[in-house]
Amino acid sequence: MEIFKTPFSRAYWRCAVRDFRKLRTLVFSALMVAACVALSYLQSVPVVNNIKVTWGFLARALCALVGGPVNALLFGFVEDTVSFFMHPTGGYNPFYILTTMLGVFTYALFLYRSEVTVLRIFLAKLATNLQNVFLGGLGTYLWYSGGKGYWLIAAQSAVKNAVLLPIQVILLSALFAALLPVLHRMGFLPDQARRLKLWKRPERTIMSAVKAEQAGKDSEPASRRRDQDPWER
């Protein structure tokens, strides 16, 4: 399996389309939809005031990691719709389908076919939380504002998402640390994603340069190497 530094390449999107068409990707996505529904029944954990930790984001991020960004759009649509009708809370807001689709899509851009690191998880969760603040706040303003202004709703959402961000990153990191080796053995992930890393270490580039330099020296003619001072070899 190939990995990509960024999603800005044709090869990346060809892989995303190819994985989307695989039966096992669709089956895995269906299992993650069921997981999201099951997690919606799990008791949320209060943090402070009315801020609570819910659990559906874990299954969404996992599906994005495996299925990729193309699959993420379909998954987000199906998951949000099924989750609402299986466990309805409040009125049905179609705007939230778009935010769910975009959130899973964003997870995939950071995690799919990449070296999975805690830094990437943090950036992915930060991006989705910002979407929750501005787009989710817009959906609340349009449907349930109750006279509140948009920026007040966004500010309240910003506080909530800022409090939840470190907790969610820790939970995602723990989940990925446990499941990445399993998913790799099942053939869902490339070798570079078989375990969680803190970050992608820049020393690899340095070591590659050192190895290349050493290989160049080893390929020199033997007569030239003999003329060198032994301490310079």
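Hydrogens, waters and symmetry mates are skipped; everything else that's a heavy atom, side chains included, is used.
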Leu180 and Leu65: CA distance, side-chain angles, deciding distance, side-chain contact (heavy atoms from CB on, under 4.5 Å) verdict: CA-CA 10 Å; Leu180 286 181; Leu65 167 74; 3.7 Å; yes
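- Taking 4.5 Å as the limit, every side-chain heavy atom of Leu119 sits out of range of all side-chain heavy atoms of Leu198.
- Between Phe95 and Trp143, the ring planes lie tilted relative to each other; the angle falls in the 30° to 60° range.
- No donor-acceptor pair closer than 3.5 Å links the side chain of Thr25 to the backbone N or O of Phe20.
- Using a distance-only test at 3.5 Å, with no hydrogens or angles considered, no donor-acceptor pair links the side chain of Asp19 to the main chain of Gly67.
- In Phe134, the CZ atom is not crowded: 12 or fewer heavy atoms of neighbouring residues, nucleotides or ligands sit closer than 6.0 Å.
- Listed for the Ser157 side chain is no donor-acceptor partner under 3.5 Å among the backbone atoms of Ala154.
- Here the side chains of Phe188 and Met1 are not in contact, with every heavy-atom distance at 4.5 Å or above.
- Closest of all the heavy-atom pairs between Lys160 and Ile51 is CA-CD1, 3.8 Å.
- In this structure, Met32 and Cys63 approach most closely via the heavy-atom pair CG-CB, 3.7 Å.
- Note that Arg60 lies outside the cation-pi zone of Phe75, set by a 6.0 Å cut-off to the ring centre and a 45° limit from the axis.
- Between Asn132 and Thr128, the side chains place no donor N or O within less than 3.5 Å of an acceptor N or O (distance only, hydrogens not considered).
- Formation of a donor-acceptor pair under 3.5 Å by the Arg21 side chain with backbone atoms of Arg18 is not found in this model.
- Residues Pro190 and His184 come closest through the heavy atom pair O-CD2, 3.4 Å.
- In this structure, the side chain of Trp55 does not engage the main chain of Ala38 through any donor-acceptor pair within 3.5 Å.
- Residues Pro69 and Leu109 come closest through the heavy atom pair CB-CD2, 4.2 Å.
- Side-chain atoms of Gln168 and Asn161 include no donor-acceptor pair closer than 3.5 Å.
- Between the side chains of Tyr12 and Ser114, no donor-acceptor pair of N or O atoms lies under 3.5 Å.
- Remark: the Asn71 side chain and the Tyr112 side chain contain no N/O donor-acceptor pair separated by less than 3.5 Å.
- Residues Ala72 and Ala108 share a closest heavy-atom pair of CB-CB, 4.3 Å.
- Counted within 6.0 Å of OH on Tyr141, heavy atoms from surrounding residues, nucleotides or ligands total 12 or fewer; the atom is thus considered open.
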